[in-house]
Peer 1: 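Okay, handing you the structure first.
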Number of protein chains: 4
Amino acid sequence: MATFDVVLEGAAHILETKGLHGFNTNAVARQAGVSIGSLYQYFPSKEALLVELIRRKRTALIEKMQDASSRLEASDLRTIADGLVRAGIAHWVERPELARSLEYAETTLDLGPETEALKRQIVVVVAKALAPHGVENPETAARDLAALTRGMADSSGPFGKADVSQLEQRVRRAVYGYLGISDSNPLTSVRR
Amino acid sequence: MATFDVVLEGAAHILETKGLHGFNTNAVARQAGVSIGSLYQYFPSKEALLVELIRRKRTALIEKMQDASSRLEASDLRTIADGLVRAGIAHWVERPELARSLEYAETTLDLGPETEALKRQIVVVVAKALAPHGVENPETAARDLAALTRGMADSSGPFGKADVSQLEQRVRRAVYGYLGISDSNPLTSVRR
Amino acid sequence: MATFDVVLEGAAHILETKGLHGFNTNAVARQAGVSIGSLYQYFPSKEALLVELIRRKRTALIEKMQDASSRLEASDLRTIADGLVRAGIAHWVERPELARSLEYAETTLDLGPETEALKRQIVVVVAKALAPHGVENPETAARDLAALTRGMADSSGPFGKADVSQLEQRVRRAVYGYLGISDSNPLTSVRR
Amino acid sequence: MATFDVVLEGAAHILETKGLHGFNTNAVARQAGVSIGSLYQYFPSKEALLVELIRRKRTALIEKMQDASSRLEASDLRTIADGLVRAGIAHWVERPELARSLEYAETTLDLGPETEALKRQIVVVVAKALAPHGVENPETAARDLAALTRGMADSSGPFGKADVSQLEQRVRRAVYGYLGISDSNPLTSVRR
DNA sequence: AATGAATGAGTGTTCATTCAT
DNA sequence: TATGAATGAACACTCATTCAT
């Protein structure tokens, strides 16, 4: 792995284990097994590390969403929703501590316009998948569904495989409700 | 206002405007219009400020939830859900930047057992309101609904009054879906 | 006990238990059960506390030495030496931690001329007791004997009654040697 | 000289001239002509500086004592005592202000077990030199003689060469007395 | 490229002292 | 007289960044 990536992975590891609080360039360099000088040859500043990590995370999410939505283009809304939820949860469940720190870092950081654009692009991709099925305000819906998924995933602690599939089911219920899709698996056991 | 509260409000203000990144004791003292020595007469450390802010935020949320749930005790699940959602959103919409920083700070901080307990208590209060209406796993449901609400509120940017009521409606849809309550106001205009 | 003395005893206690390192006016006031304001009504500064403690310690030593030397005025050198040693050791063995801190504090402090004079007076008192018995350079001898006694007492750790009398005997041997008094209780069992 | 030693010498200089009272890391760095950051690259804390100075002082004393005692192994007790006294005084007369501060610092500091051991080793070395000549309780004797020497040296103010040799002679008298060696140079001119 | 010693502005915290009540 | 809240200079220590090798 090239130095660039070694450093970036070191940064990710520190964020994951120590959070933003323990994130400093010396720690990152040490973790990456690289000198502090080398770190600065690839990244002009501490912030640049965060920006790059955010950029990658966003790009990966866009790809996942794009994938799901092109694969399911022809399907009905429920199937599309299922796919997006699955992709979204897969995303947030992978290195959740890292994700959390990056999410928080975004709020303070000055990401470049290019990285800002990625955020909008996620929304656009999801909105495009929802729009053809009569969802009103598809951009708002996209943002809401992403937020809802991220919120639930983030609050659900450390995961096993079974946990993830249960989480998925719960998120699906909320998403169906949001989108007005009637659910065949209601949570409350209502007498009919 | 007593010095204790002045300092705490200074801390809240800094978190709100500068985030955890700009949160340092000198800045807090300056913002509060108080000397650094005075700050340390009331708070033994920088962390203690965060802990107290978190404690207050949690206590306030518990009260709101408790209020809503006792006021609506006799009502049906939908009405209770509406009340909880309204209270939850009211909570997250108030000083959202502050809330975000505190949420993140929690992950690194060593809150005392007393403050930890508050987190569980929120879940318990909500779960108690849901349980009598046939909601399975009421604690998980409580956690999920809180997370979903917080996630959506957090992602919805700065708010006007109208925005809040729209947000509330969108959250309600997701919550109804999660709880298996059929919605009379579907988002998608589906032909029936 | 008057406030003045209460504070002073608080200061002594802190020095004894925490050393100069932990000696601060707030700690002293707390230990004395007095407000910091009251402390400053009796002592103009932190240093003033130390100076007064030193003054008292010196005065007490002078008195002990004076006592011994007037009581033994008519005796021979050995008896006088015994008395001075006994008094000196009694002095250093009482609150030795306190004594150690005060001794060190002296080196940095600007004691007033009056307190400086006390130091010389101790030497003078002892020298006066030694001079009539043919001791050369009685002032140097006085200083040496005091230093030797203090050194040995200080290095001999925490004391029981038996320890003190053993210490006394050992110091006496050194003092006899210094003064050229032949010892009837030699340490080494030399075959002659 | 490497930075490590430069800093250490700066620390020694400050202790010597300002005492523990004026001993702060910024002053040390300034004195050493080094940035505060550099100081902390070599010493993890202010205390570490003191510990290292103490360690070095003790090691040097052990060496001196070891030297003297191996050189004089075959000699009689008086010659050995002379050697140890000379070495001891040479030690305490060199930078006495520094020595005084380090001695006091010891009482508050948490020296590591390794550095604690050095203190015992000094006693052991001296005791080993004394034991073969019929000195009872050689460890106590070693401690006493060290204390007596240090006490007298410390109280004897600033030194010229002549002063040192006079001091040596006076200490020797006390030591002879302590060890039960008859002195050929008595201080008191007793008629025989 | 890579290194890592060096820098120093910045931050958390302490504590002697003051002064209004 | 007594109180103790308030002050802020001073100090311990960190960490982003540079630069000579």
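So you know, we letter chains A, B, ... as the sequences are listed, proteins then strands, and number each from 1. FYI, side chains are in, hydrogens and waters are out, and symmetry mates aren't considered; it's all heavy atoms of this structure.
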Peer 1: Quick one: side chain to side chain donor-acceptor pair (under 3.5 Å) partners of A:Ser38, sequence neighbours excluded?
Peer 2: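 Expected list: A:Ser35.
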Peer 1: When you match B:Val34 and D:Ala27 each to their closest nucleotide on DNA chain F, which lands nearer the 5' end?
Peer 2: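 Comparing both residues, the 5'-ward one is B:Val34.
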Peer 1: Strictly below 4.0 Å, heavy-atom distances to any atom of DNA chain F: list the hits from residues 8-26 of chain A, or just say none.
Peer 2: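 Heavy-atom contacts with DNA chain F come from A:Phe23, A:Asn24, A:Thr25, A:Asn26.
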Peer 1: Output yes when at least one side-chain N/O atom of D:Tyr42 is less than 4.0 Å from OP1 or OP2 of E:dA5, else no.
Peer 2: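 Answer is no, no contact under 4.0 Å.
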Peer 1: Could you say whether B:Ser38 or D:Gly33 is positioned toward the 5' end of DNA chain E, judged by the nucleotide with the nearest heavy atom to each?
Peer 2: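 In this pair, the answer is D:Gly33.
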Peer 1: Considering only side-chain heavy atoms of C:Ile36, which listed nucleotide, E:dG4, E:dA9, F:dG4, is closest?
Peer 2: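 For the C:Ile36 side chain, the nearest candidate turns out to be F:dG4.
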Peer 1: Run the side chain to side chain donor-acceptor pair (under 3.5 Å) test against A:Thr108 and tell me which residues pass, sequence neighbours left out.
Peer 2: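 Side chain to side chain donor-acceptor pair (under 3.5 Å) list for A:Thr108, sorted by chain: empty.
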Peer 1: In whole Å, I'd like the distance from the CZ atom of B:Arg30 to the C1' atom of F:dT7.
Peer 2: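 Checked: the CZ to C1' distance equals 15 Å.
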Peer 1: Say you draw a straight line from CG of D:Leu50 to CG of D:Asp110; how long is it, rounded to the nearest 0.5 Å?
Peer 2: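 These two atoms lie 12.5 Å from each other.
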Peer 1: Rounded to the nearest Å, what distance is computed from the CG atom of residue D:Leu39 to the P atom of nucleotide E:dA9?
Peer 2: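 In whole Å, E:dA9 P and D:Leu39 CG are 17 Å from each other.
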Peer 1: Indicate, with a heavy-atom threshold strictly under 4.0 Å, whether D:Phe43 touches base, sugar-phosphate, or nothing.
Peer 2: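 Result for D:Phe43 = nothing.
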Peer 1: Can you tell me the distance, in whole Å, between the CG atom of C:Leu50 and the P atom of E:dA16?
Peer 2: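 After rounding, the reported distance stands at 10 Å.
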Peer 1: The criterion is side chain to side chain donor-acceptor pair (under 3.5 Å); which residues satisfy it with D:Glu103, sequence neighbours excluded?
Peer 2: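 Side chain to side chain donor-acceptor pair (under 3.5 Å) check on D:Glu103 returns D:Arg150.
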Peer 1: With sequence neighbours excluded, give me every salt bridge (Lys or Arg N to Asp or Glu O under 4.0 Å) pair touching residues 25-53 of chain A.
Peer 2: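 Found A:Glu52-A:Arg55, A:Glu52-A:Arg56.
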Peer 1: Any salt bridge between B:Arg58 and B:Glu63, counting N to O under 4.0 Å?
Peer 2: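 So B:Arg58 does not pair with B:Glu63 through a salt bridge.
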Peer 1: So that I can compare with my own list, what are the stems of DNA chain E, taken as at least three consecutive Watson-Crick or G-U pairs with distances under 3.5 Å?
Peer 2: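 If one scans DNA chain E for consecutive Watson-Crick or G-U pairs, the stems found are E:2-21 with F:2-21.
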Peer 1: Assign each of D:Pro44 and A:Glu47 to its nearest nucleotide of DNA chain F by heavy atoms, then name whichever residue's nucleotide is nearer the 5' end.
Peer 2: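 Upstream on the strand: D:Pro44.
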Peer 1: Without decimals, in angstroms, what is the distance between A:Phe4 CZ and E:dA1 P?
Peer 2: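 Spelled out: CZ on A:Phe4 to P on E:dA1 is 13 Å.
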Peer 1: Going by side-chain contact (heavy atoms from CB on, under 4.5 Å), name the residues that satisfy it together with A:Thr107, two or more places apart in sequence or in a different chain.
Peer 2: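 A:Tyr104, B:Arg100.
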Peer 1: What protein N or O atoms touch nucleotides 19-21 of chain E N or O atoms at under 3.5 angstrom, if any, and at what distances?
Peer 2:
none

Peer 1: So, does B:Thr3 get its side chain near the phosphate of F:dA5, meaning an N or O under 4.0 Å from OP1 or OP2?
Peer 2: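 Result: no.
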Peer 1: For residues 16-29 of chain C, dump all side-chain donor-acceptor pairs below 3.5 Å to protein atoms at least two apart in sequence or in another chain.
Peer 2:
residue, atom, partner, partner atom, Å
C:Glu16, OE1, C:Arg95, NE, 3.2
C:Glu16, OE1, C:Arg95, NH2, 2.8
C:Glu16, OE2, C:Arg95, NE, 3.3
C:Thr17, OG1, C:His13, O, 2.8
C:Thr17, OG1, C:Ile14, O, 3.4
C:Asn24, OD1, C:Asn26, N, 3.1
C:Asn24, OD1, C:Ala27, N, 2.8

Peer 1: Would you please name every residue forming a side-chain contact (heavy atoms from CB on, under 4.5 Å) with B:Ala48, sequence neighbours left out?
Peer 2: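 side-chain contact (heavy atoms from CB on, under 4.5 Å) list for B:Ala48, sorted by chain: B:Phe43, B:Pro44, B:Ser45.
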Peer 1: Who are the side-chain contact (heavy atoms from CB on, under 4.5 Å) partners of A:Gln121, not counting sequence neighbours?
Peer 2: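 If we apply the side-chain contact (heavy atoms from CB on, under 4.5 Å) test to A:Gln121, skipping adjacent residues, the hits are A:Ile62, A:Leu118.
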Peer 1: Under the rule for side-chain contact (heavy atoms from CB on, under 4.5 Å), what residues qualify as partners of D:Val6, not counting sequence neighbours?
Peer 2: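 Per chain and number, D:Val6 pairs via side-chain contact (heavy atoms from CB on, under 4.5 Å) with D:Met1, D:Ala32, D:Val34.
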